[in-house]
There are 2 protein chains.
Amino acid sequence: MMSLGGQASDTPKNGGLSRIQERNRSLILDAALSEFSRKGFSGATVERIAAEAGMSKSNLLYYFSSKEAIYKATLAHILEVWLAPLKTLDPGGEPARELAAYIRQKIEMSATFPEASRLFANEVMQGAPQILPILEGDLRRLVSEKSRVIQDWIDAGKMRQVDPVQLIFMIWATTQHYADFSIQIRALTGKDLSDPVFFKETETSITTLILNGVGLTAPGNDD
Amino acid sequence: MMSLGGQASDTPKNGGLSRIQERNRSLILDAALSEFSRKGFSGATVERIAAEAGMSKSNLLYYFSSKEAIYKATLAHILEVWLAPLKTLDPGGEPARELAAYIRQKIEMSATFPEASRLFANEVMQGAPQILPILEGDLRRLVSEKSRVIQDWIDAGKMRQVDPVQLIFMIWATTQHYADFSIQIRALTGKDLSDPVFFKETETSITTLILNGVGLTAPGNDD
DNA sequence: GTGTAATTTGACCAAATGGTCAAGATGCAA
DNA sequence: TTGCATCTTGACCATTTGGTCAAATTACAC
């Protein structure tokens, strides 16, 4: 679990949480994700998070020492799952299949956890006050490593010349766009990723465009 | 100028503004863009906007009747310039050149007005409370019109089959990403679009990938 | 210069909100 | 049942903040 440099322990008996604690912390984190992703850090209120979690504000503050502590915990909770797909990019695989799989995972994420995407986007747009060290550390290392993988594919003549980092950015941009701007997309098309047809159509469009863009052909998909 | 359905007039003598009015409203809108784009609507404070505009909070509220009024005015002020590039897509032009020009304009925007991009992103991510009618109205019509243009190119065999709306989304996503996530990009690469080399590199990457993606070749660029 | 309208501000208010605290309720091991 | 630790809450507080208002200052037409 990536550390966000927490200070207070927030955990009476360190290590094992009681059933009540486990349940309540989980309820709080769910409610917090919903609230923070919709309103941003400033716009969110502890009172509303507590209400959505089904408890009093005082009780929530018994579990998390401050609004910022809830926010940090929510971010940490998400970050892992959010960055996981990139880690699966396999140097031993075929570029077309690997990239297609990565794109699909990212779209899947946008469809399944749009709130996580929005929370992350919000945090970064505010200047990444909490996660900047992670971006500059773990994430930077991860991107370097996977860029190397892509560069090797290029050097092996398996795909067209392209800046690997820029390619990763473009995959992030296109896939996350559908979560972060889902309201706009719904306003313009009447649909969003929760519609299976639109999901499929989006996956095909992005995958085709990006793979063609780097001189590859989309692999046959066996759902 | 796109209307945001303003209620109060905010303009004593309708039509012509005094020199003082013009100057102060402009100062306020600049400060507001800076503040709102960095902190979002909730996180922004009228006091800080006033300070950045070099006047008292009371005086600012003499020009705009409420925080929301400033916000709406700021959005309206941006929206026009923000959506302008798409309007220039010329049905009579060559697809490769037209799309390349559009992409370049969008990146230029992201480089020149990253704050505008972030303000817009913020507004949409919060559910577009102010601009939803515009998205569903003017913007939707504009996108339909330009999708038609792209579809005609496809039908004429000038470019590969692709959903025109999805193509537009992908251009938005990739170009705006560099403004909205500039902190992340700086954390990962050490650079952003304000660096001419990185700008050029980004423009080339995006243009090449998208044009290749739709079966076109990037036109020679004559800067 | 005079007078009126426009501009500017500090003092002030009410609501919202993050957080504290002491007291009470509940869970649970013995 | 008893006793203690955990859990829960309402009352309360300090600060922030959007907005009002009357008074003061300034711009400008005559």
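Between A:Phe120 and A:Trp82, the angle of the ring planes lies from 30° to 60°, which puts this pair in the tilted group. Classification of the A:Trp172-A:Phe169 ring pair by plane angle, with boundaries at 30° and 60°, yields tilted.
A distance-only check finds no donor-acceptor pair linking the side chain of B:Gln130 to the backbone of B:Lys72 [under 3.5 Å].
Dashed line: the shortest gap from a side-chain N or O of B:Gln21 to OP1 or OP2 of C:dA6 is not under 4.0 Å.
The salt bridge (charged side-chain N to carboxylate O under 4.0 Å, His left out) check on A:Arg148 picks up A:Asp152, A:Asp155, with sequence neighbours excluded.
Contact between A:Gln126 and A:Pro129 at its shortest, heavy atoms only, is O-CD, 3.8 Å.
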query = When you check every protein heavy atom under 4.0 Å of nucleotides 8-22 of chain D, what one-letter string (B, S, -) results, 5' to 3'?
reply = BBBB-----SBBB--
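We find that CD of B:Glu22 is positioned 18 Å from P of D:dA27, with the value rounded to whole Å.
Side-chain N/O atoms of B:Gln184 and B:Tyr178 include no donor and acceptor closer than 3.5 Å. With 3.5 Å as the limit, one finds a donor-acceptor pair spanning the side chains of B:Arg38 and B:Ser34.
For A:Arg25 and A:Phe64, the positive end sits near the middle of the six-membered ring, less than 6.0 Å away and at most 45° from its axis.
Comparing the end axes of the helix from C:dG1-D:dC30 to C:dA30-D:dT1, each fitted to five base pairs by superposing C1' atoms of four pairs onto the next four, gives an inter-axis angle of 10° (nearest 10 degrees).
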